[in-house]
There are 4 protein chains.
Amino acid sequence: MPDSTPRRYPDRNKTSREKITTAALTEFADKGLAGARIDRIATAAGVNKAMIYYHFSSKDNLYEQVVDEFVGDLMGRISQAISDKATVETGLMQLDEVYTELVTEYPEFPRLLLRELADPGGRMIGRISRILVKSGNPARMQRLLRRGVAGGRLRRINVRQALVSFLTMNIGYFLMAPLLDKVMDIKDRKRFVKERKKAVVDLFLNGVRAR
Amino acid sequence: MPDSTPRRYPDRNKTSREKITTAALTEFADKGLAGARIDRIATAAGVNKAMIYYHFSSKDNLYEQVVDEFVGDLMGRISQAISDKATVETGLMQLDEVYTELVTEYPEFPRLLLRELADPGGRMIGRISRILVKSGNPARMQRLLRRGVAGGRLRRINVRQALVSFLTMNIGYFLMAPLLDKVMDIKDRKRFVKERKKAVVDLFLNGVRAR
Amino acid sequence: MPDSTPRRYPDRNKTSREKITTAALTEFADKGLAGARIDRIATAAGVNKAMIYYHFSSKDNLYEQVVDEFVGDLMGRISQAISDKATVETGLMQLDEVYTELVTEYPEFPRLLLRELADPGGRMIGRISRILVKSGNPARMQRLLRRGVAGGRLRRINVRQALVSFLTMNIGYFLMAPLLDKVMDIKDRKRFVKERKKAVVDLFLNGVRAR
Amino acid sequence: MPDSTPRRYPDRNKTSREKITTAALTEFADKGLAGARIDRIATAAGVNKAMIYYHFSSKDNLYEQVVDEFVGDLMGRISQAISDKATVETGLMQLDEVYTELVTEYPEFPRLLLRELADPGGRMIGRISRILVKSGNPARMQRLLRRGVAGGRLRRINVRQALVSFLTMNIGYFLMAPLLDKVMDIKDRKRFVKERKKAVVDLFLNGVRAR
DNA sequence: AATGAATGAGAATTCATTCAT
DNA sequence: AATGAATGAATTCTCATTCAT
């Protein structure tokens with residue numbers, strides 16, 4: 001059973017493994033692991049149901065593989081996005097940029113993440129955090145902020161809290177968009193997202209900058 | 001079928017309807033609607049499976065009832081929490097306080113919310129937003145900020161963005177805690193939560209305050 | 001899930017658990033565990049397929065339960081059948097009698113046994129042997145023969161081998177009947193079985209008796 | 001499809017047909033026809049699943065072919081083993097010898113036989129019996145015994161019953177070994193088998209001999 | 001002769017829901 | 001209000017078999 005075969009990227013002329021992966025990603029994002037239906041995935045992928053078992057051997061395993069590949073790809077992009085020589089300002093800007101891009105390009109991501117965050121047994125969380133930590137970005141950001149504090153350019157803030165604040169302001173909106181859009185009566189989400197980058201970085205910098 | 005009998009949250013001397021409600025809340029928070037099992041709920045509640053149908057007529061309906069009651073209770077508490085005469089500072093502090101309390105007292109809440117946020121068909125989101133809007137809190141907060149801007153005490157910020165930032169900094173941490181705790185290497189969550197209130201309000205106020 | 005509920009014997013007015021047990025016994029004897037079909041058992045028992053899972057939770061478990069109950073019943077009858085004060089002659093006669101009766105009354109037995117004998121993982125063998133050993137019959141028979149040898153009434157035979165020979169002559173025919181009937185051109189099996197008891201005991205006694 | 005290509009049992013330099021045959025024999029002995037898996041056979045044989053269909057066209061056919069070849073080989077050895085001029089004593093000895101040898105050399109045999117004996121639709125039984133009958137051995141043995149009775153050297157026994165007894169004492173032990181070893185507490189099976197030949201013939205001869 | 005991928009027809013198992021009592 | 005038994009409609013998973021190369 002070819003469970004972890006290589007994948008080729010070109011979208012056209014997909015192998016059936018790839019077709020399954022794609023269909024499964026959507027289904028899992030839409031319905032979650034428990035709500036997903038193998039039948040539906042097979043139909044969407046245009047393959048025989050048994051094919052899914054041929055390639056992935058079980059629903060649970062399919063979920064894992066799909067999420068793994070997906071998260072792996074995403075995280076790869078995040079890792080590259082931040083250069084070491086960035087200043088606080090450019091660093092934050094870059095990060096913000098990347099998050100927005102990712103979420104826009106891969107709308108399945110926030111939904112998968114939401115479900116996994118709710119799931120005590122989920123392993124995606126652990127995987128993502130490991131990748132993020134390994135990427136060195138969180139550490140780098142902390143260093144950046146710490147240096148700013150030490151150099152007197154930033155107030156004497158709790159760096160960890162500040163970083164958490166920055167992250168939640170960024171990703172948090174995307175996660176809670178369905179709710180926030182209604183509560184805050186946001187009609188034009190696209191525009192709001194565009195404005196948001198600047199607003200977030202602006203609020204954050206003003207919030208931490210020494211006066 | 002008596003679908004909306006009186007309810008008390010206290011633990012002792014529960015009616016079987018209450019026992020079901022309690023067990024179901026946990027199950028739904030743990031597994032989501034699709035992953036929840038009537039059997040498990042019945043067992044956890046110590047009642048017969050048929051009893052659930054006697055009281056709630058279907059799984060979907062059970063979910064709705066349970067979530068409704070739960071959300072209703074929660075929102076009631078939020079609504080009361082913010083007095084009209086608050087200043088920006090005290091208003092934010094109060095809000096923050098309430099969120100933290102809620103999430104700590106009702107750990108099922110963030111998980112239910114996470115799942116609903118992931119679910120395009122979910123109706124809990126609509127319900128919550130309606131309640132929140134009706135409570136007038138978001139509008140009040142906006143007014144508060146707008147006045148601050150007008151009076152020159154606050155910078156010329158985008159008020160809506162700022163409010164979204166405040167909300168995501170608050171709730172966002174609780175929603176993403178499983179991930180953030182790992183990425184940011186937060187060992188003592190209790191302490192972090194305690195510090196957080198101040199850190200958030202502090203960052204926010206400094207971020208918006210005119211200089 | 002009521003997995004080991006008591007059973008009541010009257011054949012009419014059977015509970016569905018009993019109906020399942022009966023149907024399953026036949027199916028398993030006919031087709032073996034791997035060849036048996038839950039669907040067929042349900043139909044034969046006149047119950048819904050899900051009922052089988054309600055009562056037995058899995059095919060494997062059903063098999064085990066059914067075989068266990070069955071073997072337990074059978075062995076109970078064998079255990080009682082041999083009185084302690086028997087002489088070699090009457091003892092052997094009694095044993096022979098019992099085997100023949102059992103096999104005639106419970107034709108499923110030899111077939112279940114055949115399949116289990118072929119199955120390295122089978123647990124029925126262990127169970128039967130334990131029951132037989134506990135019944136004390138094999139030991140008693142050995143003692144009987146040993147005494148005969150010591151008293152000079154029997155030749156100096158290997159008692160264990162002799163006993164094995166006796167047992168195989170008895171049960172062996174029933175197990176191998178489909179083959180032996182053809183090879184030996186046995187047309188009237190009933191008559192052959194009737195004659196057999198005497199023939200076996202006669203051969204055995206003459207074979208072991210001192211001359 | 002080349003269904004009856006030459007075969008050699010020796011291990012080295014096997015054609016893939018032979019590899020399949022060997023693997024299938026083990027699988028069928030282990031699990032029976034219904035329990036056998038084409039996948040497992042292919043893996044064990046180190047060939048692709050489709051290869052099996054190329055050579056044998058179906059699972060049932062594979063079973064038949066494999067069992068046929070196997071039984072054919074075995075029976076060939078039995079047929080040769082008994083010379084016409086044997087006395088009762090030597091004839092029995094020879095037979096016994098052969099059975100023991102066969103079962104020792106081809107441990108799959110008793111297990112295949114057991115399963116076939118349990119299967120009402122099995123055709124192996126018919127095939128074996130036909131071969132045995134054609135070999136003339138049973139008839140020869142009957143004649144031998146009959147002559148002994150007529151000549152007064154043997155008691156006036158039922159010859160058919162006696163022969164059945166002899167056969168069951170021989171093969172019966174091998175078939176029921178898993179059970180008998182436990183019940184009779186046989187620790188050293190090898191030694192027991194060695195002793196058994198003599199014990200069986202001895203018991204039998206003494207059982208039938210005129211006194 | 002040989003293989004990896006693909007398939008259709010089952011087969012076991014699950015689960016929300018209902019029924020009789 | 002309460003329960004154990006029962007059910008139908010999925011749903012996951014399996015497996016013999018075939019296809020394209």
Side-chain angles (χ1 to χ4, degrees), chain A residues 1-2 5 15-17 19-20 34-42 45-62, chain B residues 1-2 5 15-17 20 33-42 45-62, chain C residues 1-2 5 15-17 19-20 34-42 45-62, chain D residues 1-2 5 15-17 20 33-42 45-62:
Chain A
M1 270 133 273
T5 11
T15 67
S16 59
R17 193 187 188 280
K19 285 190 265 172
I20 293 168
R37 292 293 170 261
I38 293 290
D39 248 348
R40 235 164 7 215
I41 295 174
V47 304
N48 185 286
K49 220 187 342 179
M51 228 26 237
I52 294 180
Y53 290 90
Y54 177 70
H55 283 298
F56 297 93
S57 78
S58 81
K59 186 186 176 184
D60 281 2
N61 187 241
L62 171 61
Chain B
M1 264 138 277
T5 15
T15 67
S16 66
R17 192 186 190 282
I20 292 168
L33 174 51
R37 293 294 169 261
I38 293 290
D39 248 345
R40 232 161 14 209
I41 295 174
V47 306
N48 186 281
K49 229 194 322 188
M51 234 18 246
I52 294 180
Y53 287 88
Y54 178 74
H55 283 298
F56 297 92
S57 78
S58 84
K59 187 188 178 184
D60 281 1
N61 187 59
L62 171 62
Chain C
M1 271 131 270
T5 12
T15 66
S16 60
R17 191 184 191 281
K19 284 189 267 174
I20 293 168
R37 291 294 170 258
I38 292 290
D39 248 347
R40 231 160 17 210
I41 295 174
V47 304
N48 185 288
K49 223 189 336 179
M51 230 23 239
I52 293 180
Y53 290 90
Y54 178 72
H55 283 297
F56 297 95
S57 76
S58 83
K59 188 186 176 185
D60 281 4
N61 187 240
L62 172 62
Chain D
M1 265 138 275
T5 15
T15 68
S16 67
R17 190 185 192 282
I20 293 168
L33 174 51
R37 293 292 170 261
I38 294 290
D39 249 344
R40 230 161 14 210
I41 294 174
V47 305
N48 185 282
K49 228 192 328 184
M51 237 15 249
I52 294 180
Y53 288 88
Y54 178 74
H55 283 298
F56 296 93
S57 78
S58 84
K59 187 187 180 185
D60 281 2
N61 187 57
L62 171 62

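Since we're looking at a predicted model, the values are computed, not measured. Sequence lines set the chain letters: A, B, ... in the order given, protein chains first and strands last, and positions in each chain run from 1.
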* Residue B/H55, side-chain atoms from C-beta onward, closest of E/dT7, F/dA5, F/dA1 -> F/dA1
* Asked: Any side-chain N or O of C/S16 under 4.0 Å from OP1/OP2 of F/dA5?
  -> no
* Whole-Å gap separating P (E/dA11) and CD1 (C/I41) -> 13 Å
* Between E/dA12 (C1') and C/F56 (CZ): distance, integer Å -> 16 Å
* Asked: Which atom names give the shortest non-hydrogen contact between D/S57 and D/N61, and what distance separates them?
  -> OG-ND2, 3.7 Å
* Asked: Using a cut-off of 4.0 Å between protein heavy atoms and nucleotide atoms, how would you tag nucleotides 14-21 of chain E 5' to 3' with B, S and -?
  -> BBSBBB--
* State, to 0.1 Å, how close B/H55 and B/S16 come at their nearest heavy-atom pair, and which atoms those are. => NE2-OG, 3.5 Å
* Would you please test D/K59 and D/I52 for side chain to side chain contact (heavy atoms under 4.5 Å, CB included) and show each step? => CA-CA 8 Å; D/K59 187 187 180 185; D/I52 294 180; over 6 Å; no
* Stems involving DNA chain E, each a run of at least 3 consecutive Watson-Crick or G-U pairs under 3.5 Å -> E:2-21 with F:2-21
* **Atom-pair distance (CG on A/L62; C1' on F/dT11), nearest Å** => 15 Å
* **Inter-residue atom distance A/I20.CD1 - A/Y53.OH, 0.5 Å rounding** => 11.0 Å
* What is the distance from CE of C/M51 to P of F/dA5, rounded to the nearest Å? -> 7 Å
* Between C1' of E/dA1 and OH of D/Y54, the distance in whole Å -> 5 Å
* Asked: Does A/R37 have any side-chain hydrogen bond (donor to acceptor under 3.5 Å, both in side chains) partners at least two apart in sequence or in another chain, and if so, which?
  -> none
* Asked: For D/K49, which residues count as a side chain to side chain contact (heavy atoms under 4.5 Å, CB included) partner, sequence neighbours excluded?
  -> D/I38, D/D39, D/A42
* **Length of the CD1-P vector between C/I52 and F/dG8, whole Å** => 14 Å
* **Whole angstrom value for the distance that separates C1' of E/dG10 from CZ of C/R40** => 12 Å
